[in-house]
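The sequence lines fix the lettering, A, B, ..., with proteins before strands; numbering per chain opens at 1.
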There are 2 protein chains.
Amino acid sequence: MNLAHRKRQLVRDELAEAALKLLAIQDFEDTTIDQIAAAAGVSRRTFFRYFQSKEDVIVESLATVGEELRAALEARPTGERPATVLRQTFCLFEQACAEIPEKTLRLTRLILHTPALNARYLERQAEWKAALAETLALREKASRHDLQPVVAVGVAFAALDAALGAWVAGDGKRDIADLLDETFTLAFPR
Amino acid sequence: MNLAHRKRQLVRDELAEAALKLLAIQDFEDTTIDQIAAAAGVSRRTFFRYFQSKEDVIVESLATVGEELRAALEARPTGERPATVLRQTFCLFEQACAEIPEKTLRLTRLILHTPALNARYLERQAEWKAALAETLALREKASRHDLQPVVAVGVAFAALDAALGAWVAGDGKRDIADLLDETFTLAFPR
DNA sequence: GCCGCGAGTGGCACTCAGTGTCAACCCTGG
DNA sequence: CCAGGGTTGACACTGAGTGCCACTCGCGGC
């Protein structure tokens, strides 16, 4: 049973890697699923047994981020002001950028510069926002329809977007942690 | 020449109206372009001469908002702080919500609740953000890579998103201007 | 060793979005 | 009357995504 599971993971990784290799030499729009499947040595039909769409091969790497963000937020000590809680929660992104910088940079640039991928990313981000707003509302004991947590999370993601945009614009030269510090200070003054 | 132009506009409106009528009775995903074209009395091919995609029939109504926002921002008197400038700029949305509330509410709910439409809307929003950030940067005489205007605009849209979300969640019962005041106060404290 | 069973796979056919092409058809101006 | 651009419908085609079915392979039971 565990062997079958690892075999599945193998094909999955093979497909994702084949997609990334193809996207290094041609545009996302020009890349067909037939090409990706052929490069991974499986049929087109099998591709769709692993990913729901062409975009998912790339964006799939963000699948677990939502739960990780929620867990990171819940782990923060009570009493911290929302701005600090959210800033610390976003340390999650710093880690990815620091551990494998060139791959993360390439992937981030790809997602931000490809309309179809950007759309899927924003879809994911909307889920993260909802999850974090809910968790933050519980934390702050806000009433159900209080807009404060929703706005705070939205502002935090505005800071994240600005920081990531500047990060790829500067080819990853500036430290993402510094950029996040700067945008958070601007977004949550005082 | 002007007659031909009005004829074009007629077909365009017919298609948009047919789409809205269909979406009142069935989901966006279940609605095919054949259905919309047939309802408007034209061929499928003609549909694509007026709209680039199925989503565009709905989102097309937002086509001019980008330039309108930019113009509204440029019209604000110098010396106003960014938070005030952006709040006043967004009065544009209040007008639409006030003039034809039930149609705007239906359209907004549709766009926010349909993944494909939401994706196109966010794409548009990204363009608006870029335009406003550029204009604001000129206004504030910020240096080219200053993050302040980008963050300010992002924060403003976080406030807009929260307000619009609450507006449709409350079925338009609460005044959108009040909601924007509330979310802007939360997003730009002091 | 054989049989059955479930999971993974490939192939095929199908729908639907979106695009290129071409012939027919206005309307308008000369 | 006719020559022109602009609009249209029909057809064919690619590519995304889905449903279906037959095949295979590894496994435990008999």
Just how far, in rounded Å, is [atom2] of [N] from [atom1] of [X]?
{"X": "Leu10(A)", "N": "dA7(C)", "atom1": "CG", "atom2": "P", "answer": "20 Å"}
{"X": "Ile33(A)", "N": "dT14(D)", "atom1": "CD1", "atom2": "P", "answer": "17 Å"}
{"X": "Glu29(A)", "N": "dG15(D)", "atom1": "CD", "atom2": "C1'", "answer": "13 Å"}
{"X": "Phe48(A)", "N": "dG11(C)", "atom1": "CZ", "atom2": "P", "answer": "15 Å"}
{"X": "His5(A)", "N": "dG26(D)", "atom1": "NE2", "atom2": "C1'", "answer": "18 Å"}
{"X": "Arg6(B)", "N": "dG6(D)", "atom1": "CZ", "atom2": "C1'", "answer": "16 Å"}
{"X": "Arg120(A)", "N": "dG17(D)", "atom1": "CZ", "atom2": "C1'", "answer": "11 Å"}
{"X": "Asp30(B)", "N": "dG17(D)", "atom1": "CG", "atom2": "P", "answer": "17 Å"}

- Which class fits the ring pair Trp128(B) and Tyr121(B): parallel under 30°, tilted 30 to 60°, perpendicular over 60°? perpendicular
- Item | Nearest-nucleotide pick for Arg49(B), side chain only, options being dT8(D), dG8(C), dA17(C) | dT8(D)
- Message: Taking the minimum atom-to-atom distance to the side chain of Arg45(B), which one of dT21(C), dG11(C), dA16(D) wins?
- Response: dT21(C)
- Message: For Ala40(A) versus Glu14(A), what's the shortest heavy-atom pair and its separation?
- Response: O-CG, 3.8 Å
- Message: I'd like to know whether the aromatic ring centres of Phe90(A) and Phe157(A) sit less than 6.0 Å apart in this structure.
- Response: yes
- Query: Can a cation-pi geometry be assigned to Arg12(A) and Tyr50(A), taking NZ or CZ under 6.0 Å from the six-membered ring centre and within 45° of the ring axis?
  - Reply: no
- Would you indicate what Lys54(A) reaches in the nucleic acid, counting non-hydrogen atoms under 4.0 angstrom: base, sugar-phosphate, or nothing? sugar-phosphate
Taking 4.0 Å as the cut-off, does a side-chain nitrogen or oxygen of [X] come that near to OP1 or OP2 on [N]?
{"X": "Ser43(A)", "N": "dG11(C)", "value": "no"}
{"X": "Thr32(A)", "N": "dG15(D)", "value": "no"}
{"X": "Tyr50(B)", "N": "dT8(D)", "value": "yes"}

- Side-chain donor or acceptor of Arg44(A) under 3.5 Å from a matching atom on the base of dG15(D)? no
- Do Arg8(B) and dG6(D) have a side chain to base donor-acceptor pair shorter than 3.5 Å? no
- Contact nearer the 5' end of DNA chain D, comparing Thr46(B) with Gln52(A): Thr46(B)
- More than 12 non-hydrogen atoms from neighbouring residues, nucleotides or ligands closer than 6.0 Å to CD on Gln52(B), yes or no? no
